[in-house]
Amino acid sequence: MPIRTAQEALTQRPLTFLRSAWPWRSLAYLVSGALFGCLLLGVLAGLVLGGVLLSVVFVGAVLLVAALLAGVPVARFERWRLRLIDSEPAHDPHRKPSDPGVRAWVRTRLREQATWRELGFSVICAGALWWLDAGAVGAAGYTVVLFLSAPFGRDPGAWAYLGPVIGIGLIPVIAFPLTAWAGARAALTRAVLAPRDAELGERLVEVSQSRARLVDAFELERRRIERDLHDGAQQRLVALTMTLGLARLDVPPGSPLAAQLDEAHHQAKQALAELRELIRGVHPQVLTGRGLGAAVADLAGRSPIPVDLDVQVPRLPSQAEFTAYFVICEAMANAVKHSGATRLRIHGRVLAETVLIEVRDDGSGGADPTLGSGLAGLVDRVAVVDGRLLLSSPPGGPTTIRAEIPCSG
Amino acid sequence: MLRVALAEDSVLLREGLIGVLQRFGHQVVVAAGTAKGLLDGVAAEDPDLVLTDVRMPPAFTDEGLRAAITLRHERPGLPVLVLSQYVEQTYAAELLDSGRGGVGYLLKDRIGDVTEFAAALARVAEGATVVDPEVVRQLLARRRDPLDRLTAREREVLALMAEGRSNAAIARTLVVTDAAVAKHIGNVLAKLDLPPAEDDHRRVLAVLAYLRAGSG
């Protein structure tokens with residue numbers, strides 16, 4: 001596994017760690033942090049002081065606004081600096097201003113939560129963090145220098161030899177706490193300035209909602225197709241077999257025409273049977289009419305492998321119902337196709353607003369969702385409704401597929 | 001001649017069914033496109049038999065089936081034959097459990113075999129129970145253990161019993177004598193620990209109940 005952060009670097013073997021660039025990068029991070037924080041303190045103090053003193057004129061207000069917005073460039077610099085010891089890019093949480101121009105930019109920034117968080121970070125940075133950075137580097141450096149410089153003291157004695165040895169020996173030891181502090185500092189910076197969940201969360205919610213809408217549309221479309229086929233082609237085929245059936249009555253048995261009619265009748269019935277299977281795959285009507293329990297019982301009835309069924313769930317929102325049905329359908333199909341199972345067990349319950357579905361077979365196991373089976377699609381399908389799919393399939397079996405599908409309201 | 005109340009929302013099929021029924025000498029006294037139309041028509045015309053589709057307006061789920069069950073409750077003894085586009089065990093079970101007397105559950109595919117369809121209609125009118133072979137096939141596929149004790153011929157007999165065939169009909173289908181059929185039936189009932197039933201209807205229900213019980 002590649003090392004991405006200073007903290008991860010610390011988990012390597014000590015010699016590997018010491019030979020790597022991470023201690024030096026950590027040192028550079030802390031030194032630059034101390035210098036930058038010191039500079040920042042001056043700039044912030046200058047802006048605020050200037051703003052207050054000049055508050056009677058317009059320039060003062062501009063300076064104060066600049067102080068408020070100082071966090072934005074500070075955060076940008078800190079995110080850039082973060083790359084010294086954290087190779088994962090830190091995303092800018094700010095939105096693009098809706099309009100061009102400085103006013104729109106200022107307005108957008110002042111309304112964003114991120115701006116105020118960055119201001120808070122800047123104040124902490126200027127007030128405390130740089131002291132701590134400087135203190136950590138200073139204390140470490142001072143200790144080493146103290147030992148190294150022992151021979152030059154007024155009365156070194158044994159320290160003339162011992163001091164440099166201890167000093168040099170301390171350098172690799174000090175690398176560990178320094179890197180640890182740099183890692184903690186970087187984690188803090190990332191948590192405040194590049195939150196993974198807050199503003200990103202908005203986008204994620206939007207994305208998952210649009211995915212859920214897609215699934216809804218997908219399901220609606222399947223129902224529509226089912227309806228159309230049922231009302232159209234299926235009825236016509238039934239009518240056709242009826243007409244052919246009646247025609248057979250009027251033709252003398254054994255005549256060539258009777259044989260042809262028989263053949264046509266047979267073909268029409270075959271088409272009807274095939275169409276029925278197709279439509280059932282698109283969207284089973286009993287699922288809409290009677291819910292998951294009945295639909296699964298029906299599925300079990302048509303399974304070539306005996307099924308022990310224990311599904312006790314009430315009527316659910318249609319999306320949860322359809323997803324659960326889909327899971328069971330695919331899991332059964334997988335078991336039949338790949339596992340060589342002789343028995344299936346399907347268990348379904350609702351607990352704490354979650355449908356729990358478990359399909360277990362006694363087959364040969366070794367199912368792998370990454371191998372392009374229907375399982376991958378199943379994982380995606382369940383993820384869309386914020387559910388989880390768990391798979392246990394050791395080589396030799398048995399295979400258990402467990403789905404947890406939220407079904408509140 | 002039967003006076004039939006028919007409910008089917010597809011005009012094409014409704015007309016086709018009227019044609020088939022007339023061809024076999026029956027009279028269609030109610031031809032409804034909705035479940036409500038069927039219930040009203042039955043109240044007005046008092047037909048000999050009700051023939052209905054499962055799925056009808058307005059919601060296109062199971063309106064016809066519900067109407068059939070309602071009618072069986074309200075008018076015990078009124079024969080009801082339900083046609084379904086799919087085999088739904090749940091629907092079949094609800095219908096068969098909903099009362100006594102002539103009842104049938106058939107796939108729409110069976111209408112095409114007009115002679116057999118007319119025969120099934122006549123059996124339901126006489127008070128028999130008719131179950132689609134596909135329903136029986138699925139039920140048989142679910143129960144393995146005790147059914148393994150049956151011979152191939154006994155399994156055939158069991159399937160035909162579950163479809164609601166009489167001894168004579170089973171004998172005709174399998175081309176054996178009535179006596180042979182009676183012997184097979186005796187064996188089947190004994191092997192499955194089912195009580196010998198005096199009439200066909202009870203026998204069908206017993207067999208179906210047995211098959212269903214094993215699938216839960």
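In what follows, chains carry the letters A, B, and so on, assigned in the order in which the sequence lines appear, proteins first and then strands, with residues in each chain numbered from 1. Side-chain atoms are counted along with the backbone in the values below, which use heavy atoms only and exclude waters and symmetry mates.
Chosen from B/V87, B/I111, B/L13, B/T90, the residue pairing most often with chain A at heavy-atom distances under 4.5 Å is B/L13.
Exactly one of B/V20, B/D113, B/L12 qualifies for a side chain to side chain contact (heavy atoms under 4.5 Å, CB included) with A/M242. That residue is B/V20.
A/L249 CG to B/F24 CZ: the interatomic distance, rounded to the nearest 0.5 Å, is 5.0 Å. Put simply, CG on B/D109 and CG on A/L237 are 9.0 Å apart, with the number rounded to the nearest 0.5 Å. Atom-to-atom distance recorded for B/L107:CG and A/K269:NZ is 11.5 Å, nearest 0.5 angstrom.
Between B/T115 and A/R248 there is no side-chain heavy-atom pair separated by less than 4.5 Å. A/Q234 places a side-chain heavy atom less than 4.5 Å from the side chain of B/Q85. Residues A/E277 and B/Y86 form no side-chain contact, since every pair of their non-hydrogen atoms from C-beta on lies 4.5 Å or further apart.
With a threshold of 4.5 angstrom between heavy atoms, B/Y91 approaches chain A through side-chain atoms but not through N, CA, C or O. Contact of B/T61 with chain A is made through backbone and side chain together, with heavy-atom distances under 4.5 Å. Interface residue A/L246: backbone and side-chain heavy atoms are both found under 4.5 Å from chain B. Only the side chain of B/E94 comes within contact range of chain A, with heavy atoms under 4.5 Å apart. Contacts between B/L17 and chain A at a heavy-atom distance below 4.5 Å involve backbone atoms as well as side-chain atoms. For a residue to count as touching a neighbouring chain, one of its non-hydrogen atoms must lie under 4.5 Å from one of that chain's; by this rule A/R227 touches chain B with backbone and side chain alike. Looking at B/R110, neither its backbone nor its side chain comes within 4.5 Å of chain A, counting heavy atoms on both sides.
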